[in-house]
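Accompanying notes for the structure given below.
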Amino acid sequence: DAGITQSPRHKVTETGTPVTLRCHQTENHRYMYWYRQDPGHGLRLIHYSYGVKDTDKGEVSDGYSVSRSKTEDFLLTLESATSSQTSVYFCAITAAGFEVGYTFGSGTRLTVV
Amino acid sequence: EDQVTQSPEALRLQEGESSSLNCSYTVSGLRGLFWYRQDPGKGPEFLFTLYSAGEEKEKERLKATLTKKESFLHITAPKPEDSATYLCAVQGGTSYGKLTFGQGTILTVHP
């Protein structure tokens, strides 16, 4: 998607290992979000950021941490991956005002075995 | 706590057969209701934002409407390329643009 990229696109990892997903934007948007998407649950907010070094928890933040040291990068870390964290992870960005909605990345499919 | 419920979960239509998708919501201080389209293996794509009851927005064969309790996405004379999952989301009175999403409606349009 234009202006926002996620890496990696796919990852398989073992239970108990740390994993970091990266979201990179070129739009200079202030607001960035991490969601996970699971069948039967829809999209659920994990963490979000409203500026460099300004982050807060969403509804499903347990087991996840985030960092934002630059406007363009928002990192999501699974501190010790569990099978329940197998999911598709989406990053989203939006400009201040929010009227134009989010722009989503293409997602990272994470499998924890 | 903001809540969004979409119905039906899945909808199969013949090409040209018009229908509507429903999004019911409860939110503290609605700041906006959003519709997105999601194709398999891709991120959701923004369609509309609605702000107040009575508002309507259109894009090609899609029209979104809003009341105080629900929103409808009307699809007129759909084509197979309209097949996708349609997501509804609300932004409540809290700040920072956080959205609460429904589970989506999977639309399949047969030729």
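Throughout, a chain's letter reflects where its sequence line sits, starting with A, and its residues are numbered from 1.
- Residues B:L99 and A:Y102 meet the side-chain proximity criterion, which asks for heavy atoms closer than 4.5 Å.
- B:Y36 and A:V88 fall within a single hydrophobic cluster, where Ile, Leu, Val, Met, Phe, Trp and Tyr side chains are chained together by heavy-atom contacts under 4.5 Å.
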May I have the list of side-chain donor-acceptor pairs in residues 36-43 of chain A shorter than 3.5 Å, sequence neighbours left out?
residue	atom	partner	partner atom	Å
A:R36	NE	A:D38	OD2	2.8
A:R36	NH1	A:Y64	OH	2.9
A:R36	NH1	A:S84	O	3.3
A:R36	NH2	A:D38	OD1	3.2
A:R36	NH2	A:D38	OD2	3.3
A:R36	NH2	A:S84	O	2.8
A:Q37	OE1	B:Q38	NE2	3.0
A:Q37	NE2	B:Q38	OE1	2.9
A:D38	OD1	A:S87	OG	2.7
A:D38	OD2	A:R44	NH2	3.0

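- Proximity to chain B is absent for every atom of A:R109, based on heavy atoms less than 4.5 angstrom apart.
- When ring centroids are compared, A:F104 and B:F46 stay outside the 6.0 Å threshold.
- If you take NZ on B:K98 and CG on A:D56, they are separated by 6.5 Å, rounding to the nearest 0.5 Å.
- Counting non-hydrogen atoms of other residues, nucleotides and ligands closer than 6.0 Å to CD of B:E1 gives a total of 12 or fewer.
- Residues B:F48 and B:V27 share a hydrophobic cluster, clusters being chains of Ile/Leu/Val/Met/Phe/Trp/Tyr side chains in contact below 4.5 Å.
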